[in-house]
Undergrad: 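Sharing a structure, written as structure tokens. Questions coming.
Since the structure is predicted, the reported quantities are computational estimates derived from the model, not experimental observations. Reminder, nothing fancy here: chain letters follow the sequence lines and each chain counts from 1.
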Amino acid sequence: MGSSMSESDSGDDTGQTAESAERTRDPYALGDHDGERGPDDRAVFWADAVADEIEAREPTEPVVIKGAISPSGVPHLGNVNEIMRGYFVAESLRERGYEVQQVFTTDDRDPLRKLPRKLADLDGNIVDLGAVNAGALGQNLGRPYTDVPDPFGCCDSYGEHFSNLIADCAELLGVDIEIVSTTELYEDGSFEELTRYVLDNQDRARDVLGEYQDKVDADYVPFNPICGECGKVTETVTAVDTDAGTVEYRCTDMEAGDQVIDGCGHEGTATLREGKLPWRFEWPAGWDVLGVDFEPFGKDHAEGSWPSGVDIAENVFEIDPPVPMVYEWFTLDGEPFSSSEGHVVMVHDVLELLEPAVVRYFFSKDPSKARDFSIERLDQLVDDFDRTERLYFGEESGTDREEALGERAYPPSIRPTVADRFDDEFGEGAWRSVANDRTARETVDGLLEERYADRIRIPYTFAAVLGMFDDPELRTDVARKEGHLADDTPEWAVETAMERVDLASEWARRTDNEFNYELKRATLPETDFDEATEAALDELADFVAEGHDGETIQGEIYETAKRHGVPISDFFSAGYRLLFDETQGPQLGPFVAKLDREFVVERFRRNR
RNA sequence: GGGCCGGUAGCUCAGUUGGCAGAGCGUCUGGCUUUUAACCAGACGGUCGGGGGUUCAAGUCCCUCCCGGCCCGCCA
């Protein structure tokens with residue numbers, strides 16, 4: 001930012017110098033300061049850097065942060081970038097006292113171009129296309145998503161079905177967004193003025209877009225009416241009458257990838273509300289209608305749509321484009337997400353494995369880096385989160401940068417959790433309004449510092465081990481005995497800690513990793529014990545046969561091992577080998593005490 | 001073919017105006033001699049994708065090449 005910026009702040013009503021505007025048009029810039037205000041000015045957390053850019057433009061409140069998605073199919077974790085990247089910027093601005101609104105458009109007037117092979121019901125279960133009436137769905141190719149019947153029959157349309165799923169994702173993550181249907185923006189006239197404007201200035205529109213798209217020729221009309229006969233989005237406009245507010249069209253064939261969707265040949269008239277702007281115009285039009293100040297988008301938009309969008313915004317609509325930010329895409333277990341092929345994971349699924357705060361934390365990481373969401377290695381993500389949390393509460397020290405980053409990234413990750421956990425501190429359901437209610441924010445931030453600091457985290461992998469115990473009380477007892485819980489740990493903190501056990505054991509089960517301790521009941525695992533170990537096992541079997549509680553058996557394991565000169569850890573491993581065919585496992589004494597005695601005795605004797 | 005983003009320890013990543021390559025986990029060793037996992041201490045571990053250049057000094061700046069992804073038709 002040049003020194004001229006400060007001069008323009010006072011007088012220049014554009015609010016920006018060419019230099020600063022140039023810089024904030026770079027979607028990769030992420031608030032890359034030029035050091036004018038010194039190196040200390042550089043924000044450690046990317047969301048703060050973006051917030052700096054937005055603030056420099058002196059936005060009117062509420063500051064509007066937008067995201068968007070096409071409701072074309074399963075909304076996966078990658079799509080959630082649109083919600084969560086904006087969320088962290090929103091929170092950064094709210095912490096500075098700004099009122100911020102997160103709006104999310106569903107591009108539901110876009111035509112259905114092909115049938116995805118996988119869909120999802122409203123509960124977030126992925127289902128095969130074959131599970132619904134694919135034939136009936138196929139009849140709707142070319143029609144706007146909001147005019148396609150919901151294949152599940154539960155919502156008003158296909159578009160609404162998947163928009164609802166996106167709304168659920170935000171809800172599940174505690175993010176307050178307002179969903180705006182693009183179809184509604186057309187139908188209620190919000191887009192009408194801009195549509196008329198574009199059609200009145202077609203030459204300009206063509207000139208600008210033609211710089212980016214070769215197909216824009218003299219016949220190109222930047223409007224796609226919906227056929228009054230077959231309901232498809234058409235591409236051939238034959239006449240425009242903006243005074244009457246109508247266009248005439250012929251319903252011609254539409255190319256969709258390598259497929260062609262047949263037009264019905266109908267010739268008719270449509271109003272400016274009965275159609276849509278092409279995407280390259282629709283995106284900037286949304287910035288204007290919704291007053292968008294910031295919008296994150298995937299890297300696929302960075303080189304094509306964004307530059308043309310800026311050009312169209314400035315030279316056709318004559319508005320300022322929002323502050324942009326590109327995010328890299330995630331992979332899932334090393335492979336790209338694919339809604340149509342079912343290589344996806346939804347927020348609904350992820351929350352069976354992770355606390356919402358950890359999921360939010362995942363999205364607080366540098367957007368410019370491609371990241372793998374590795375189900376196998378979820379324990380690393382959770383450990384990372386736990387460490388950041390300890391850094392935040394000063395329970396552990398790290399590098400200056402780590403501590404500064406934790407200071408900034410942790411509060412927005414945990415805030416909805418804190419509000420939820422102490423919801424009785426708020427009015428009825430008021431914790432949900434934390435985003436925009438200043439009083440509620442103060443309350444939640446106070447709770448975070450004063451009460452949530454006492455939370456307890458059990459390491460994720462150990463939580464998976466505890467999952468071996470079905471009995472909740474036994475889980476808690478073991479956690480307590482291992483020093484994770486103290487006598488004075490508040491009840492809510494015990495609950496918070498123990499909630500992770502179900503998540504981690506689900507993870508162990510799903511990945512079938514070394515923490516998935518499956519009791520090998522049916523067959524005796526292969527073993528290779530020395531004589532001393534075998535003698536010790538026989539003796540331990542006798543002891544178990546007498547009937548003792550878990551605590552006593554645990555002690556006897558040590559005693560038995562000692563008597564036979566078997567190293568303690570080897571003896572435990574022998575037990576785990578016999579029961580699980582593993583070298584580790586849950587605390588052995590309490591565990592075997594819970595099993596039927598005869599099985600344990602026979603197993604320790606290596607009989608079956 | 002052209003443009004853009006990324007490539008740092010086995011894994012996940014952090015490295016702010018160029019200034020002695022870092023963390024966590026994993027691994028190994030030792031400690032806690034009745035509580036395996038836990039916890040504590042220590043160690044091992046890197047041609048910072050390769051090569052060249054600028055500089056007293058390069059993970060960081062420049063050039064070039066390699067790898068992965070995206071864009072440069074349409075669509076979104």
Undergrad: Rounding to the closest angstrom, what is the interatomic distance between B:G45 and B:U27 at atom C1'?
TA: 9 Å
Undergrad: A:W329 has an atom CH2; how far is it from atom P of B:G68, in whole Å?
TA: 17 Å
Undergrad: Picking from B:A23, B:C74, B:U36, which would you name as closest to the side chain of A:Y576?
TA: B:U36
Undergrad: From the list B:A76, B:U35, B:A38, which nucleotide is the closest neighbour of the side chain of A:R280?
TA: B:A76
Undergrad: For residues A:Y220 and A:L209, determine if any side-chain heavy atom of one lies less than 4.5 Å from a side-chain heavy atom of the other.
TA: yes
Undergrad: Between A:Q380 (CD) and B:A9 (P), how many Å, whole number?
TA: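 After rounding, the gap between these two atoms is 13 Å.
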Undergrad: Between the side chains of A:D502 and A:R475, is the shortest nitrogen-to-carboxylate-oxygen separation below 4.0 Å, so that they form an ion pair?
TA: yes
Undergrad: Could you tell me whether A:E328 and A:K299 make a salt bridge, using a distance below 4.0 angstrom between a side-chain N and a carboxylate O?
TA: yes
Undergrad: Mapping A:D372 and A:W279 onto RNA chain B by nearest heavy atom, which one lands closer to the 5' end?
TA: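 The residue mapped nearer the 5' terminus is A:D372.
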Undergrad: Rounded to the Å, how far apart are A:I261 CD1 and B:C74 P?
TA: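 In whole Å, B:C74 P lies 17 Å from A:I261 CD1.
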Undergrad: Any base atoms under 4.0 Å from A:E282, or only sugar-phosphate, or nothing? Heavy atoms, all strands.
TA: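 The residue A:E282 makes no contact with any strand.
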Undergrad: Applying a 3.5 Å limit to both distances, which nucleotide forms a Watson-Crick or G-U wobble pair with B:C39?
TA: B:G31
Undergrad: Return yes if the base of B:A76 and the side-chain atoms of A:S72 contain a donor-acceptor N/O pair under 3.5 Å, otherwise no.
TA: no
Undergrad: Starting from C1' on B:A14, measure out to OH on A:Y410 and report it in whole angstrom.
TA: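 In whole Å, B:A14 C1' and A:Y410 OH are 20 Å from each other.
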Undergrad: Take atom NE2 of A:H301 and atom P of B:G3, then tell me their distance rounded to the nearest Å.
TA: 23 Å
Undergrad: Say you pick atom P in B:C62 and the same atom in B:U54; how far apart are they, in whole Å?
TA: 15 Å
Undergrad: Mind checking A:K114 for me? I need base, sugar-phosphate or nothing, with any heavy atom below 4.0 Å counting as a touch.
TA: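 Answer is nothing: A:K114 stays at 4.0 Å or more from every strand.
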Undergrad: Searching all strands shown, indicate the nucleotide that pairs with B:C25 (Watson-Crick or G-U wobble; both distances under 3.5 Å).
TA: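 Checking every strand shown, B:C25 finds its partner in B:G10, with both distances under 3.5 Å.
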Undergrad: Nearest whole Å is fine: how far is B:C74 P from A:D217 CG?
TA: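 Roughly 12 Å, once rounded to whole Å.
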Undergrad: Quote, to the nearest angstrom, the P distance that separates B:U12 from B:C72.
TA: 30 Å
Undergrad: Which part of the nucleic acid, if any, lies within contact of A:D107, taking any heavy atom under 4.0 Å across all strands shown: a base, the sugar-phosphate backbone alone, or nothing?
TA: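 If one applies the 4.0 Å heavy-atom cut-off, A:D107 turns out to touch the sugar-phosphate alone, with no base involved.
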Undergrad: Before accepting this row, confirm whether a basic side-chain N of the pair A:R371/A:D366 lies closer than 4.0 Å to the acidic partner's carboxylate O.
TA: no
Undergrad: Distance check, P atoms only: B:C48 and B:G7, in whole angstrom units.
TA: 14 Å
Undergrad: How far does the P atom of B:G52 sit from the matching atom of B:U17, given to the nearest Å?
TA: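 Result for the P pair: 25 Å, nearest Å.
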Undergrad: Is A:R113 close enough to B:A76 that one of its side-chain N or O atoms is under 4.0 Å from OP1 or OP2 there?
TA: no
Undergrad: Using the closest heavy atom to pick a nucleotide of RNA chain B for each, name whichever of A:P336 or A:F362 lands nearer the 5' end.
TA: A:F362
Undergrad: What is the nucleic acid contact for A:D570, judged by heavy atoms within less than 4.0 Å: base, sugar-phosphate only, or nothing?
TA: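 A:D570: no heavy atom of the nucleic acid under 4.0 Å.
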Undergrad: Taking the P atom in each of B:A9 and B:U47, what is the distance between them to the nearest angstrom?
TA: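 Looking at atom P only, B:A9 and B:U47 are 9 Å apart.
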Undergrad: Classify A:T331 by what it touches in the nucleic acid, base, sugar-phosphate, or nothing, heavy-atom distance under 4.0 Å.
TA: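 It contacts nothing in the nucleic acid.
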Undergrad: Scan every strand shown for a Watson-Crick or G-U wobble partner of B:C4, both distances under 3.5 Å, and answer none if you come up empty.
TA: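 Paired with B:C4, as far as the under-3.5 Å criterion goes, is B:G69.
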Undergrad: For the P atoms, the ones on B:G22 and on B:G6, what distance do you get once it is rounded to whole angstrom?
TA: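 24 Å, rounded to whole Å.
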Undergrad: Would you indicate what A:E328 reaches in the nucleic acid, counting non-hydrogen atoms under 4.0 angstrom: base, sugar-phosphate, or nothing?
TA: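 Here A:E328 touches the bases of the nucleic acid.
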Undergrad: Mind checking who B:C75 pairs with, Watson-Crick or G-U wobble, both distances under 3.5 Å?
TA: none
Undergrad: Are OP1 or OP2 of B:A14 and a side-chain N or O of A:R371 less than 4.0 angstrom apart?
TA: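 Result: yes.
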Undergrad: Side-chain N or O of A:K369 versus OP1/OP2 of B:G7: is the shortest distance under 4.0 Å?
TA: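 So the side chain of A:K369 is within the cut-off, an N or O lying under 4.0 Å from OP1 or OP2 of B:G7.
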Undergrad: Inspect the contact between A:R455 and A:E389 and indicate whether a charged nitrogen and a carboxylate oxygen are less than 4.0 angstrom apart.
TA: yes
Undergrad: Between A:D581 and A:R577, does any side-chain N to carboxylate O distance fall below 4.0 Å?
TA: yes
Undergrad: Please pick, from B:U34, B:A76, B:C74, the nucleotide with the shortest atom-to-atom distance to any side-chain atom of A:Q213.
TA: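 Nearest to the side chain of A:Q213 among the choices is B:C74.
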Undergrad: Report yes or no: do A:N224 and A:Y249 form a side-chain donor-acceptor pair below 3.5 Å?
TA: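 Side chains of A:N224 and A:Y249: no pair found under 3.5 Å.
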Undergrad: Can you tell me which nucleotide in B:A76, B:A14, B:G3 comes closest to the side chain of A:E303?
TA: B:G3
Undergrad: Looking only at atom types and distance, does a side-chain atom of A:R250 sit under 3.5 Å from a main-chain N or O of A:V237, one as donor and one as acceptor?
TA: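 Here the side-chain-to-backbone pair does not exist.
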Undergrad: Counting only side-chain heavy atoms from C-beta out, which of B:A14, B:C70, B:U34 sits nearest to A:K299?
TA: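 Looking only at heavy atoms from C-beta outward on A:K299, the closest nucleotide is B:C70.
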Undergrad: Rounded to the Å, how far apart are A:F330 CZ and B:G69 P?
TA: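 It is 18 Å, rounded to the nearest whole Å.
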Undergrad: Is there a side-chain contact between A:Q554 and the phosphate of B:U36, meaning an N or O under 4.0 Å from OP1 or OP2?
TA: no
Undergrad: When rounded to the nearest Å, what value does the distance between C1' atoms of B:C20 and B:C11 take?
TA: 27 Å
Undergrad: For the pair made of CG in A:N81 and P in B:C5, what is the distance, rounded to whole Å?
TA: 19 Å
